Number of protein chains: 2
Amino acid sequence: MESPTGDNQIGPQGTETTIREAQDAFVASWGQMSGAWGISRTMAEVHALLFVTGEALNTDEVMERLQISRGNASMSLRALLEWGIVSKAHKRGDRKEYFQAEQDVWAMFRAIVRERLKREVEPLIAQIHEIRDLTGVKQKGKADAISAETHLHNERLDELVDFFMTVDQLGQRFASPQGRGLRVAAKMLAKIS
Amino acid sequence: MESPTGDNQIGPQGTETTIREAQDAFVASWGQMSGAWGISRTMAEVHALLFVTGEALNTDEVMERLQISRGNASMSLRALLEWGIVSKAHKRGDRKEYFQAEQDVWAMFRAIVRERLKREVEPLIAQIHEIRDLTGVKQKGKADAISAETHLHNERLDELVDFFMTVDQLGQRFASPQGRGLRVAAKMLAKIS
DNA sequence: TATTTGTTTCAAAAAATACTGAAAACAATG
DNA sequence: CATTGTTTTCAGTATTTTTTGAAACAAATA
């Protein structure tokens with residue numbers, strides 16, 4: 001079939017082809033992980049595309065490159081904006097909106113951690129707290145007539161809440177803008193064998 | 001309807017009812033998180049049930065309590081065994097297999113981290129490495145005729161691999177049996193404000 | 001204000017995923 | 001090795017999630 005788009009096939013054809021293949025392979029690879037992270041395949045692929053090209057693309061370019069519908073592209077891009085790992089951009093003399101991915105990998109994962117704490121960990125802590133209160137408020141002093149079974153149940157939930165609160169606090173530190181320094185700390189810590 | 005099972009309704013009825021409700025609430029709550037973690041709702045619920053009751057239950061008890069089919073229960077339990085957060089147990093004079101959840105919350109998350117590194121992070125590192133090699137092997141010395149675009153592409157993937165390798169190494173330390181000590185370290189680190 | 005261009009929404013369709021239930025495989029016991 | 005009790009498998013079905021595409025909406029232009 002003939003190419004309907006006037007694609008920029010500058011430079012030696014071999015090189016250009018290879019980079020496009022590498023990009024496509026990355027998009028597919030990133031998309032495969034989507035299931036494990038609780039996001040849709042398309043959302044992961046759109047992010048992968050923006051990240052790996054490093055360019056600011058508009059909705060039509062994303063649709064064309066990933067062969068997806070307009071609605072799907074629109075929703076995926078909006079979700080990525082909400083996650084804070086993609087931002088809007090504009091080009092002079094063009095009314096279309098362009099989208100670009102955060103290029104700093106550490107900044108990108110700080111944003112992801114921030115968002116997952118907010119969406120998953122914190123609501124879970126709140127819920128477990130509520131459930132915990134069903135079987136007696138946490139207070140050492142009260143020598144109430146609590147069955148051994150209830151006591152164990154309470155201890156299990158307390159331990160869980162404690163764990164998630166630690167995760168939340170650690171995550172917050174990592175995710176905060178000041179958390180930048182953690183990049184160095186983490187790499188050092190990881191290396192010590 | 002009449003209760004077909006001779007359930008152990010020992011103790012004051014009020015107390016027993018409350019703990020059952022708290023357990024059910026926890027099962028539901030834990031089940032809700034399943035989507036975000038890429039596992040099925042049932043698998044999360046089965047784990048929640050075993051964790052929150054602290055008991056060793058057999059397949060029929062799990063089926064009855066969660067109102068799920070035998071096949072579903074069997075597959076969920078096996079998956080949990082593979083994750084290493086549930087183990088088999090046996091009762092004297094009973095041919096059925098019983099299942100119990102890891103009760104130490106930190107040990108449980110060490111197992112989860114270990115498994116997720118193995119299933120998700122490490123394969124991803126391998127894949128990105130392959131993709132990276134499509135556009136030239138990593139070697140500073142080679143003053144090859146590489147386009148600026150390719151150079152940037154390579155840098156992006158290198159940064160990503162580097163990040164995931166750091167995560168993998170940090171995770172391994174946390175997940176290792178020796179990582180036990182990290183529990184204390186993490187709690188301390190989280191508290192410093 | 002009408003027109004043109006671009007974006008969002010959402011009901012319906014498609015695709016992916018999870019669940020059931022019954023049969024097969026397996027294991028313990030006499 | 002036949003019987004009985006238990007677990008696993010898997011084809012078919014049900015449910016949930018994702019995607020499409022067209023209408024509604026919004027913003028800029030003439």
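Letters A, B, ... are given to chains in the order of the sequence lines, protein chains preceding strands, and every chain is numbered from 1. These numbers come from a predicted model, not from an experiment.
- Listed by chain and residue number, nothing satisfies the side-chain contact (heavy atoms from CB on, under 4.5 Å) test with A:Ala126 (two or more places apart in sequence, or in another chain).
- With DNA chain C read from its 5' end, the first of the two nearest nucleotides for A:Arg41 and A:Asn58 is the one closest to A:Asn58.
- Atom-to-atom, NZ of A:Lys96 to P of C:dT4 comes out at 16 Å; the value is rounded to the nearest Å.
- B:Ile112 is linked by a side-chain contact (heavy atoms from CB on, under 4.5 Å) to B:Trp83, B:Ile85, B:Met108, B:Phe109, B:Arg116, counting only residues two or more places apart in sequence or in another chain.
- Shown here are the side-chain contact (heavy atoms from CB on, under 4.5 Å) partners of A:Glu130, two or more places apart in sequence or in another chain: there are none.
- On the nucleic acid side, DNA chain D has its first and last nucleotide under 4.0 Å of a heavy atom of chain A at D:dT18 to D:dA28, going 5' to 3'.
- Residues satisfying the ring-ring contact (aromatic ring centres under 6.0 Å, His included) test with A:Phe99, not counting sequence neighbours, are none.
- The side chain to side chain donor-acceptor pair (under 3.5 Å) search around A:His153 returns none, not counting sequence neighbours.
- Of the possible donor and acceptor atoms, one in the side chain of B:Thr166 sits under 3.5 Å from a partner among the backbone N and O of B:Asp162.
- Listed by chain and number, the residues in a salt bridge (Lys or Arg N to Asp or Glu O under 4.0 Å) with B:Glu82 are B:Arg78 (sequence neighbours excluded).
- Legend: residues meeting side chain to side chain donor-acceptor pair (under 3.5 Å) with A:Lys96, ordered by chain and number and at least two apart, are absent.
- Annotation: salt bridge (Lys or Arg N to Asp or Glu O under 4.0 Å) contacts of B:Arg70 (sequence neighbours excluded): B:Asp60.
- Cluster membership for A:Met63 and A:Leu81, using ILVMFWY side-chain heavy atoms within less than 4.5 angstrom, is not shared.
- Checking B:Tyr98 against A:Ser69, the closest nucleotide of DNA chain D that is more toward the 5' end is the one next to B:Tyr98.
- Using a 4.0 Å cutoff on non-hydrogen atoms, the parts of residues 70-86 of chain A near DNA chain C are A:Arg70, A:Gly71, A:Ser74, A:Met75, A:Arg78, ordered by number.
- A search for side chain to side chain donor-acceptor pair (under 3.5 Å) contacts involving B:Ser29 returns A:Gln127, not counting sequence neighbours.
- Between the CD atom of A:Glu64 and the C1' atom of C:dG6 there is a distance of 18 Å, rounded to whole Å.
- To the nearest angstrom, P of C:dA14 lies 19 Å from CD of A:Gln67.
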Going 5' to 3' through nucleotides 25-30 of chain C and flagging B where a protein heavy-atom sits under 4.0 Å of the base, S where only the sugar-phosphate is that close, and - otherwise, we get --BB--
